[in-house]
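Predicted model, so just to flag it, every value in this text is computed and none were measured. All values below were derived from every heavy atom in this structure, side-chain atoms included, with hydrogens, water molecules and symmetry-related copies excluded. Residue numbers start from 1 in every chain, and the chains themselves are labelled A, B, ... in the order their sequence lines are given, proteins ahead of strands.
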Amino acid sequence: MPQIELPDGHRVVLPEGEPIGSVLPPTTIVARFDGELVDLSFVPGRDGKGEPVTADEPDGLHVLRHSTAHVMAQAVCDLVPGAKYAIGPPIEDGFYYDFELPQPLTPDDLPRIEARMAEIGAADQPFVREELSRQQALERFADQPYKREIIEGLDEAEGAGADTVVVYRSGEWSDLCRGPHVPSTGRLGAFKLLKLAGAYWRGDESRPMLQRIYGTAWPTEPDLKAYLHRVEEAERRDHRKLGRQLDLFSFPEELGPGLAVWHQRGGIFRKQLEDYVRDLHLERGYDLVVTPHLARRVLWDTSGHTAKFIENMYPVMDDGQGSQYFVKPMNCPFHVLVYKSQVRSYRDLPMRLSELGTVYRYERAGVLHGLLRVRGMTQDDSHIICREDQLIDEILSVFDLTLDIHRTFGFEDPVVTLSTKPGQAIGEESMWARAIEALTKALNNSGLEYTVAEGEGAFYGPKVDFHFRDAIGRLWQLTTVQVDFALPERFDMEFVGEDNERHRPVMIHRAILGSLERFAGVLIEHYAGAFPLWLAPEQVRLVPVADRHVEHARELAEKLRAAGLRPFVDPSGETVGKKVRAAQLMKVPYTLVIGDREAETANLTVRDRSGTEAKDVALEAFVRALMEEAGTRSLEQSRFGD
RNA sequence: GCUGGCGUAGCUCAGUCGGUAGAGCAGCUGUCUUGUAAACAGCAGGUCGUCGGUUCGAUUCCGACCGCCAGCUCCA
């Protein structure tokens with residue numbers, strides 16, 4: 001009879017044939033046996049450590065969601081005769097399941113499916129684990145082509161001993177699954193079906209499009225409520241909505257998809273961002289260059305863009321005189337030409353050419369998303385041209401600059417990935433190997449943790465990407481650092497070395513904010529539109545109490561402007577309450593209410609964004625505090641009064 | 001690009017089972033002259049995304065296109 005050691009150190013004897021669940025607490029939904037997740041119905045054949053797992057820990061939640069996905073698929077199959085089910089894994093915050101259905105579902109069908117799921121839950125059907133031979137499994141899923149495809153693929157994937165296929169059955173319905181599952185359909189938590197979407201079978205766009213149902217599942221009803229609340233919070237921060245509310249930018253249909261116009265307020269915000277990064281680059285030893293938006297075809301043929309990137313480029317333009325032009329999707333070839341405008345010495349290196357370069361990429365229609373994915377964008381793009389022995393130091397200094405810049409906005413702890421050679425690539429294998437080696441060494445020297453993304457590199461070289469977490473925990477890919485031996489070769493870039501011989505330099509492509517559009521979109525969501533003072537388009541709103549105070553407000557605004565701030569007077573005849581509300585809705589950092597009292601004392605009454613009011617603030621003190629706050633790019637508002 | 005959904009005033013939305021449309025906010029005007037998140041009244045504002053088709057008649061039904069949204073695939 002096996003002995004089970006429980007987490008508290010107790011050893012219990014499990015009678016022969018008894019499941020592990022019989023010695024675990026009733027709230028347990030799955031178990032760990034010697035570290036491995038197993039069903040509660042698992043019968044240990046030997047001594048070992050047994051641990052209860054509840055839905056409150058990550059593994060348990062994972063299983064809960066997986067089981068919920070199964071029950072959803074069971075419900076769909078009950079309701080839709082002829083449904084073919086594909087796969088249904090747990091994902092962050094929930095689960096999905098993919099189906100091929102005779103008739104597509106509509107959002108109205110989701111409540112019906114939820115109701116059926118509830119019935120299955122009430123029936124409390126046990127999840128029964130069955131081990132079938134491959135042949136038995138193929139028969140069981142005779143009318144399920146996707147399951148059969150998976151079973152047929154199992155042998156190759158799992159190697160020897162894969163003649164056994166694990167199937168879980170609940171009621172009459174069964175699914176191919178490695179498990180484990182909760183003990184029965186009555187042990188699901190709180191769930192909700194969220195949306196319908198299309199998804200390619202096995203993520204391959206050459207294969208059939210299936211219908212996917214997304215759902216979310218949590219241990220308890222309050223957990224579900226909290227999650228739905230978090231989703232609402234994210235919607236409240238949507239930069240597309242805030243962009244309109246705050247009058248920052250728009251996407252006029254006449255311009256074409258993915259092409260933004262920045263309004264007056266957005267223009268100031270952009271200028272603040274641009275000045276900050278440009279000045280910082282100059283401080284850090286970068287040079288500025290400026291290049292046009294178009295170039296002849298030959299440039300793109302040389303760089304390899306027409307061969308490897310044409311899908312992402314706007315169609316060619318013909319000037320009618322026999323020349324063809326492309327609008328630029330990248331800045332690199334132009335910077336190469338700046339380099340090549342003279343014979344370069346080893347003394348010139350590293351050369352760091354920097355530009356806020358506006359590029360146009362013909363992104364596929366379905367991927368566009370507000371400012372986060374556009375077709376016209378400005379990159380904070382630099383190309384560092386250096387000797388190979390300078391490469392690692394240069395990469396490290398880029399990492400350093402990256403962390404420095406992002407800290408300014410309150411982004412810390414990046415998630416870093418190293419992306420290797422993709423399918424569509426130029427350059428020899430040895431170049432790729434050296435480039436990857438340099439990036440790897442730099443990463444190791446930097447102490448940054450990273451993961452490897454196979455085949456995700458740019459067509460001309462491998463890259464390191466930095467993803468940063470925003471205020472509500474979402475990750476955004478911003479920075480990219482790419483090492484390129486290929487373009488120097490293609491453009492025959494050279495420098496004269498100490499030995500008076502000609503040598504080939506290496507090039508680093510890097511964008512730290514990424515694109516100003518995406519970065520702006522991320523910042524809007526990160527700050528929920530309430531920008532720190534230095535970025536706020538309008539910094540101070542002056543609200544005259546009555547018409548007779550407008551002139552005094554204007555004089556004060558003039559003083560603030562002269563001091564370098566961005567004030568705005570609201571001269572409308574509305575009530576004070578309404579004008580204050582208007583300022584608050586525009587998320588203006590400071591509102592000054594100007595009435596008789598202020599006219600007499602020459603002091604200010606200051607309201608900050610939190611609604612805190614301070615009376616009798618001296619103008620000089622107010623200006624000093626705001627200049628300090630903006631000058632240090634503080635993320636906190638100044639306090640006045642108490 | 002693919003799958004599904006959507007497109008009515010500057011914004012947020014109602015509505016028309018086919019007879020050319022309404023509200024709130026914003027805007028403008030007037031009254032009020034206001035003390036920290038919405039004063040009151042009036043006015044103005046829409047070829048109901050575009051183009052075809054069906055119909056005596058289309059914003060409504062059908063089709064194509066354009067755009068947007070969610071997801072897939074792809075990416076700064």
Peer 1: Can the ring centres of A:F411 and A:H526 be said to be less than 6.0 Å apart?
Peer 2: yes

Peer 1: Between B:G7 and B:A64, how far apart are the two C1' atoms, rounded to whole Å?
Peer 2: 16 Å

Peer 1: At under 4.0 Å between heavy atoms, what does A:L585 touch on the DNA or RNA strands: base, sugar-phosphate, or nothing?
Peer 2: base

Peer 1: With both distances under 3.5 angstrom, what nucleotide forms a Watson-Crick or G-U wobble pair with B:C32?
Peer 2: none

Peer 1: Please measure how far the P atom in B:U47 lies from the corresponding atom in B:G5, and state the result in whole Å.
Peer 2: 29 Å

Peer 1: Find the partner of B:C2: check Watson-Crick (N1-N3 plus N6-O4 or O6-N4) and G-U wobble (N1-O2, O6-N3) distances, both under 3.5 Å, and reply none if neither fits.
Peer 2: B:G71

Peer 1: Taking the nucleotide of RNA chain B with the closest heavy atom to each, which residue, A:T480 or A:P257, is nearer the 5' end?
Peer 2: A:P257

Peer 1: When you check the phosphate oxygens OP1 and OP2 of B:U3, does a side-chain N or O of A:Q211 lie under 4.0 Å from one of them?
Peer 2: no

Peer 1: How many whole angstroms separate atom CZ of A:F251 from atom P of B:C11?
Peer 2: 15 Å

Peer 1: Want to settle it: does A:L368 or A:T479 sit nearer the 5' end of RNA chain B, counting the closest nucleotide to each?
Peer 2: A:L368

Peer 1: Does OP1 or OP2 of B:U73 have a side-chain N or O of A:R207 closer than 4.0 Å?
Peer 2: no

Peer 1: Remember a base hit wins even if backbone is also touched, and classify A:G514 as base, sugar-phosphate or nothing at under 4.0 Å, heavy atoms.
Peer 2: sugar-phosphate

Peer 1: Heavy atoms under 4.0 Å, any strand shown: does A:V543 hit a base, just sugar-phosphate, or nothing?
Peer 2: nothing

Peer 1: Rounding to an integer number of Å, can you tell me how far A:L105 CG sits from B:G71 P?
Peer 2: 18 Å

Peer 1: Any heavy-atom pair between the side chains of A:R566 and A:Q272 that's under 4.5 Å?
Peer 2: yes

Peer 1: Across the strands shown, which category fits A:R609 at heavy-atom distances under 4.0 angstrom: base, sugar-phosphate, nothing?
Peer 2: nothing

Peer 1: Round to a whole Å and report the spacing from CG of A:L196 to P of B:G5.
Peer 2: 9 Å

Peer 1: May I ask you to say what A:A365 touches in the nucleic acid, namely base, sugar-phosphate or nothing, with a heavy-atom cut-off under 4.0 Å?
Peer 2: base

Peer 1: Suppose you measure atom C1' in B:U8 against the same atom in B:A23; what distance do you get, rounded to whole Å?
Peer 2: 13 Å

Peer 1: Partner of B:A9 by Watson-Crick or G-U wobble geometry, both contacts under 3.5 Å, or none?
Peer 2: none

Peer 1: So, under a plain 3.5 Å distance rule, would you say the side chain of A:Y200 forms a donor-acceptor pair with the base of B:G71?
Peer 2: no

Peer 1: For atom CD of A:E551, is the number of surrounding heavy atoms from other residues, nucleotides or ligands below 6.0 Å larger than 12?
Peer 2: no

Peer 1: May I ask you to decide whether A:D98 forms a salt bridge with A:R212, counting only side-chain N to carboxylate O separations under 4.0 Å?
Peer 2: yes

Peer 1: Determine the interatomic distance between P on B:C11 and the same-named atom on B:G27; round to the nearest Å.
Peer 2: 15 Å

Peer 1: So what does A:E613 touch, heavy atoms closer than 4.0 Å: a base, only the sugar-phosphate, or nothing?
Peer 2: base

Peer 1: So A:K241, base contact, sugar-phosphate only, or nothing? Heavy-atom distance under 4.0 Å.
Peer 2: nothing

Peer 1: Checking contacts here: which listed nucleotide (B:C11, B:A70, B:U73) is nearest the side-chain heavy atoms of A:R244?
Peer 2: B:C11

Peer 1: Check whether A:Y362 forms a cation-pi arrangement with A:R375 (NZ or CZ under 6.0 Å from the six-membered ring centre, at most 45° off the ring normal).
Peer 2: yes

Peer 1: Classify the side chain of A:R373 versus the base of B:C74 as yes if they form a donor-acceptor pair under 3.5 Å and no if they do not.
Peer 2: yes

Peer 1: Could you please name the option among B:A76, B:A70, B:C74 that lies closest to any side-chain atom of A:V367?
Peer 2: B:C74

Peer 1: Would you kindly give the CD-to-C1' distance between A:Q584 and B:A38, to the nearest whole Å?
Peer 2: 13 Å

Peer 1: Calculate the interatomic distance between A:R212 atom CZ and B:G5 atom C1'; express it in whole Å.
Peer 2: 17 Å

Peer 1: Are A:F326 and A:Y314 an aromatic pair, judged by ring center distance below 6.0 Å?
Peer 2: no

Peer 1: Is A:K195 positioned over the aromatic face of A:Y214, cation under 6.0 angstrom from the ring centre and no more than 45 degrees off axis?
Peer 2: yes

Peer 1: Aromatic ring centroids of A:H263 and A:F249 under 6.0 Å?
Peer 2: no

Peer 1: Under a 3.5 Å limit for both distances, which nucleotide forms a Watson-Crick or G-U wobble pair with B:G46, could you say?
Peer 2: none

Peer 1: Rounding to an integer number of Å, can you tell me how far A:R202 CZ sits from B:U3 P?
Peer 2: 22 Å

Peer 1: When you measure from the side chain of A:R518, which nucleotide among B:C75, B:A70, B:G67 comes out closest?
Peer 2: B:C75

Peer 1: Taking the C1' atom in each of B:U20 and B:U16, what is the distance between them to the nearest angstrom?
Peer 2: 11 Å

Peer 1: Taking only the P atom of each, what is the distance from B:C40 to B:G35 in whole angstrom?
Peer 2: 15 Å

Peer 1: So, does A:R607 get its side chain near the phosphate of B:A37, meaning an N or O under 4.0 Å from OP1 or OP2?
Peer 2: yes

Peer 1: Using a heavy-atom cut-off of 4.0 Å across all strands, would you classify A:E363 as base, sugar-phosphate, or nothing?
Peer 2: base

Peer 1: For the ring pair A:F531 and A:F269, is the centre-to-centre distance below 6.0 Å?
Peer 2: yes

Peer 1: Which nucleotides of nucleotides 26-35 of chain B have their base under 4.0 Å from a protein heavy atom (B), which only their sugar-phosphate (S), and which neither (-), written as one string 5' to 3'?
Peer 2: S------BBB

Peer 1: Respond yes when some side-chain nitrogen or oxygen of A:H369 is under 4.0 Å from OP1 or OP2 of B:A70, and no when none is.
Peer 2: yes

Peer 1: Sort out the partner of B:C56 for me: Watson-Crick or G-U wobble, both distances under 3.5 Å, none otherwise.
Peer 2: B:G19

Peer 1: Whole-Å distance between B:U36 P and A:M586 CE?
Peer 2: 23 Å

Peer 1: Would you mind listing every salt bridge (Lys or Arg N to Asp or Glu O under 4.0 Å) that reaches into residues 465-478 of chain A, with sequence neighbours excluded?
Peer 2: A:K463-A:D465, A:D470-A:R474, A:R474-A:E525

Peer 1: Between P on B:G49 and CG on A:L255, what's the gap in Å once rounded to a whole number?
Peer 2: 21 Å

Peer 1: Considering only the P atoms, how many Å lie between B:C13 and B:C74, rounded to the nearest integer?
Peer 2: 33 Å

Peer 1: Charged N to carboxylate O below 4.0 Å: is that the case for A:D380 and A:R278?
Peer 2: no

Peer 1: For A:R364, which contact category applies under a 4.0 Å heavy-atom criterion: base, sugar-phosphate, or nothing?
Peer 2: base

Peer 1: Between B:A70 and B:G42, how far apart are the C1' atoms? Round to whole Å, please.
Peer 2: 43 Å

Peer 1: Could you tell me whether A:F519 contacts a base, only the sugar-phosphate backbone, or nothing, with contacts defined as non-hydrogen atoms closer than 4.0 Å?
Peer 2: nothing

